[in-house]
A.B. asks: 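Attaching a single structure in structure tokens format; questions to follow.
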Amino acid sequence: MALHESSSSFFSPWPDRLRHSAIVLLAAGLALSVLVALDELSLIRAFAVFLCIAAAALVPWRLHDVATSREDTRSVNPVETGAVAAVVAGMPDPAVLLDRAGRVIHLNAAAAQLAPALRKNELAQFALRSPEIITALREAIATTEPRRASYLDHVPVDRWMELVITPVPVPTLFGGTDKCMLMTFHDLTPLRRVEEMRADFVANASHELRTPLAALSGFIDTLQGPARDDPRARERFLGIMHTQATRMARLIDDLLSLSRVELSAHVRPDTCVDLIPIIRQVADGLEALAHERQVVIEIQLPEMPVMIAGDREELLRLFENLIENALKYGASGGRVIVSLKEAASGEGAPEIRVMVRDFGPGIAPEHLPRLTERFYRVDVGDSRAQGGTGLGLSLVKHILNRHRGRLLIESVPKNGATFTACFPQVKVAAAA
Ligand code: ADP
């Protein structure tokens, strides 16, 4: 575009076609004058030759004038070349090519879907609803400068869209170029959602950290002030401070684990591990908690090794979260069953399923789809009282995603809950 605009300042205000004709005539005139001056050509002949050249140079230009002055010029657009149409049609985003007046020359299928009122050879301004688009379009046409605008489209669903209008020199059928406007639309909704999620996450994490921190600094003030000489109060407060500090440490631990698993989400674990000793190790480690909550853990696992492609540390974390939740929230049922079976996934692929079943109060169906969201809890007070962070099931889901597995949650209120971790089965040769 810079090249196009920096061409001769004498000719630059002239349209391309006229400029070319003028250059041809000037050159022919000069050459013929030289021949006449050298007596190589008679004046009459030179004049006749000049007339022929002038006719050849000006006829296409005149023909184009005739075409554009006709009533039906709108169907004879000079930039309607197959190549330009193919480029616009092939663009992945909605794209519309407009002429200098803002009339639609080409549009692709995505643009027709986005703005069904857009019609070829009609002014785009009349077919677009959003005032932001119309303003940007008017400005771009008036200034022939690029313009951007973002707006919220409500139909058929709410979507954040960005419009970019770029002036482009397009080759015409008559040689030269026409300055057209390429209008492209980009869907910014996924980007906005990620931004919102990030902001929510930071707000939630700060809130979760601030609560124990506020308790800690409150007790420090009390210990330095009114309770300074009260050994019994000091003992009690130190106990509470210890619990709050443990909660903060757990929250930071869970946040770090979550970000670590997310970072390696695309790298599938490539070592083969036996699930049985991992599950047994977790159950043994939680025996003290089970005893405290008066819950019996029943382990129903096969004797044979059950191999999957997995990360041992992450699997320990996964089963710890599931069994600990069952002990904490399903304690009233008095028992938790951990079992394993082979099954087929929805697509028929063989998989290993590890089920953690409790007989507690269960979970109401409306909560089930949201349980794996970060910081989501059915009862925030209950979760905090149990030392929960609201990140456990989110971590479980991410670990399973990394293992190309999935989490199934089934629950009948008043009749307990079953959390099932499904892993793809490794082929026998790979396991060996
Ligand atoms: P938390 O740290 O709060 O335990 P999780 O992500 O592990 O966070 O669990 C989210 C919520 O799911 C818990 O707060 C609890 O309300 C509910 N929940 C998880 N497991 C069970 C279960 N076995 N029975 C009933 N509710 C459960």
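Both counts, for ligands and for their atoms, begin at 1 and track the order of listing. Computed from a predicted model, the values in this text were never measured in an experiment.
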A.B. asks: Enumerate the atoms of ligand 1 whose separation from the nearest heavy atom of L371 is less than 4.0 angstrom.
C.D. replies: 12 (O)
A.B. asks: Ring-plane angle category for F201 and F375, please: parallel below 30°, perpendicular beyond 60°, tilted otherwise.
C.D. replies: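 Answer is tilted, since the angle falls between 30° and 60°.
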A.B. asks: Give me the nearest non-hydrogen protein atom to atom 14 (O) of ligand 1 as residue plus atom name, then the distance to 0.1 Å.
C.D. replies: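 Protein heavy atom with the smallest distance to atom 14 (O) of ligand 1: R377 CG, 3.2 Å.
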A.B. asks: Over all heavy atoms of both residues, which pair between R406 and L408 is shortest? Give the atoms and the distance, please.
C.D. replies: NH1-CD2, 3.6 Å
A.B. asks: Check this for me - ligand 1, Y376, N or O atoms closer than 3.5 angstrom, yes or no?
C.D. replies: no
A.B. asks: Which residue holds the protein heavy atom closest to atom 21 (C) of ligand 1, what is that atom called, and what is the gap in Å?
C.D. replies: Y329 CD1, 3.7 Å
A.B. asks: Mind telling me whether F219 and F237 have parallel, tilted or perpendicular rings, with 30° and 60° as the class edges?
C.D. replies: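 Rings of F237 and F219: tilted, 30 to 60°.
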A.B. asks: Just which atoms of ligand 1 are under 4.0 Å from any heavy atom in T389?
C.D. replies: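 Contacts of ligand 1 toward T389, numbered from 1: 1 (P), 2 (O).
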A.B. asks: Under 4.0 Å, heavy-atom basis, I'd like to know which part of V396 is in contact with ligand 1: side chain, backbone, both or neither.
C.D. replies: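 Neither part.
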A.B. asks: Which pair of non-hydrogen atoms, one from P269 and one from H403, has the smallest distance, and what is that distance?
C.D. replies: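 Closest heavy-atom pair between P269 and H403: CG-NE2, 3.6 Å.
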A.B. asks: When you compare the side chain of F185 with that of I133, does any pair of heavy atoms fall below 4.5 Å?
C.D. replies: yes
A.B. asks: Quick one: SG on C422 to CD1 on I352, what's the gap to the nearest 0.5 Å?
C.D. replies: 10.0 Å
A.B. asks: Among protein heavy atoms, which lies nearest atom 23 (N) of ligand 1, and at what distance?
C.D. replies: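 Its nearest protein heavy-atom neighbour is D358 OD2, 2.9 Å.
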A.B. asks: Applying salt bridge (charged side-chain N to carboxylate O under 4.0 Å, His left out) to E373 and K397, what does each step give before you reach the verdict?
C.D. replies: CA-CA 9 Å; E373 282 175 25; K397 186 184 80 176; over 6 Å; no
A.B. asks: What pair of heavy atoms forms the shortest contact from L301 to I276, and how long is it?
C.D. replies: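 So the two residues come closest at CB-CD1, 4.1 Å.
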A.B. asks: Name the option, out of G387, G381, G390, that contains the heavy atom nearest to atom 8 (O) of ligand 1.
C.D. replies: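 Comparing heavy atoms across G387, G381, G390, the nearest one to atom 8 (O) of ligand 1 lies in G390.
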A.B. asks: Out of L393, L322, N325, I363, whose heavy atom sits nearest atom 6 (O) of ligand 1?
C.D. replies: L393
A.B. asks: Ligand 1 and A417, any nitrogen or oxygen pair closer than 3.5 angstrom?
C.D. replies: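 The answer is no, given that A417 and ligand 1 share no N or O pair closer than 3.5 Å.
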A.B. asks: Is there any N or O on S383 that sits under 3.5 Å from an N or O of ligand 1?
C.D. replies: yes
